[in-house]
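In what follows, a structure is listed as structure tokens, so that the remarks can point back to it.
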Amino acid sequence: MNNNSNSAYKFLVVDDHEAVLEGTISVLRKQYPNIEIAIAQTTEDARQKASEFNPDLALLDLSLPEKTQGTARTEAGFQLLRDFMDWYPNLNIVVQSSYIKALRRFKPIIDRHDGGFAIVDKSQPLQEMLKRVDLALQGLTCTPRELRQNVIEVKPEWLKLLALAYQEGLQDGEIARRMNVAERTVGNYWKKIKDVLEVYPDEGQNIRIQTEIRAREEGLID
């Protein structure tokens with residue numbers, strides 16, 4: 001895990017369970033002592049806090065009430081997630097939920113999202129949540145395998161990027177020129193390719209080399 005503990009991030013934590021909020025916030029403060037945290041327990045409050053607080057990262061559950069004293073519904077949480085991704089395309093997002101498979105419908109939107117995006121099952125240890133937060137803060141995408149199987153295909157532009165990078169040895173600036181896209185778009189392609197290939201940062205490993213190895217193993221490049 002990268003050492004971001006000294007960074008003054010702003011987190012918005014959205015969950016309607018007091019115990020979950022307390023546990024999550026406690027763990028986050030230990031890992032990131034300098035963070036500012038805003039909390040919300042309804043989708044209505046979450047939208048307002050996001051607008052006022054301008055967070056670097058939103059950590060949210062999907063089963064949420066729309067208003068105080070309301071009933072928690074996954075559809076309300078899905079709508080909140082959709083709004084956040086539409087309104088804040090660069091927002092780093094971590095979804096912490098028990099409804100992971102239901103996120104299949106969001107895979108195309110996740111692929112287009114410019115900010116970091118990670119998913120963690122609520123049944124997993126809080127340490128696993130911290131790993132996902134760290135990846136999202138790096139602007140990376142990390143989704144469970146079940147969301148990728150039989151859902152996502154390797155897109156033609158990703159294959160072209162791999163060929164230019166590993167067969168022609170080009171760097172991102174030249175790749176962007178050859179593909180006639182912004183260099184930022186090339187960076188986004190890399191994020192999605194690494195997630196599909198399950199290549200994530202690992203201390204002591206060159207992620208570009210690891211991506212090439214996995215791409216060759218999967219037959220995406222010769």
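If you read the sequence from its start, that first residue is 1, and numbering goes on from there. Source: prediction; values computed, not measured.
- By the side-chain hydrogen bond (donor to acceptor under 3.5 Å, both in side chains) test, E174 pairs with R177, sequence neighbours left out.
- N206 and Q210 share no side-chain donor-acceptor pair at under 3.5 Å.
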N/O donor to acceptor pairs below 3.5 angstrom from side-chain atoms of residues 70-77, sequence neighbours left out:
from : atom 1 : to   : atom 2 : distance (Å)
R73  : NH2    : E66  : OE2    : 2.4
E75  : OE2    : R105 : NH1    : 3.2

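- The shortest heavy-atom contact between A136 and N92 is O-OD1, 3.0 Å.
- At a threshold of 4.0 Å, the pair R208-E212 does not count as salt-bridged, since none of the basic side-chain nitrogens sits closer than that to a carboxylate oxygen.
- Considering all non-hydrogen atoms of both residues, N188 and D111 come closest at ND2-O, 3.6 Å.
- With respect to D172 and R184, no salt bridge is recorded, no charged nitrogen being found less than 4.0 Å from a carboxylate O.
- For the 3.5 Å distance criterion, the side chains of T141 and K192 qualify, holding a donor opposite an acceptor.
- Side-chain atoms of Y88 and N54 form no donor-acceptor pair, as typed in the model, at a separation below 3.5 Å.
- Here the side chain of S26 pairs no donor or acceptor atom with the backbone of E22 at under 3.5 angstrom.
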Discussion item. Under the criterion side-chain hydrogen bond (donor to acceptor under 3.5 Å, both in side chains), I'd like the reasoning laid out for S63 against D61: C-alpha separation, chi angles, the key distance, then a yes or no.
Written reply: CA-CA 6 Å; S63 180; D61 189 10; 5.2 Å; no
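- Looking only at distances, a side-chain donor or acceptor of D56 sits under 3.5 Å from a matching main-chain atom of K10.
- Applying the salt bridge (Lys or Arg N to Asp or Glu O under 4.0 Å) rule to D45 yields the partners K49; only residues at least two apart in sequence or on another chain are considered.
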Practice prompt. Take Q48 and E44 through the side-chain hydrogen bond (donor to acceptor under 3.5 Å, both in side chains) test and state the conclusion after the steps.
Written response: CA-CA 7 Å; Q48 182 176 348; E44 180 181 63; over 6 Å; no
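- The pair D86-R112 fails the salt-bridge criterion, with no side-chain N (NZ, NE, NH1 or NH2) lying under 4.0 Å from an Asp/Glu carboxylate O.
- The shortest side-chain heavy-atom distance between V196 and W158 falls under the 4.5 Å cut-off.
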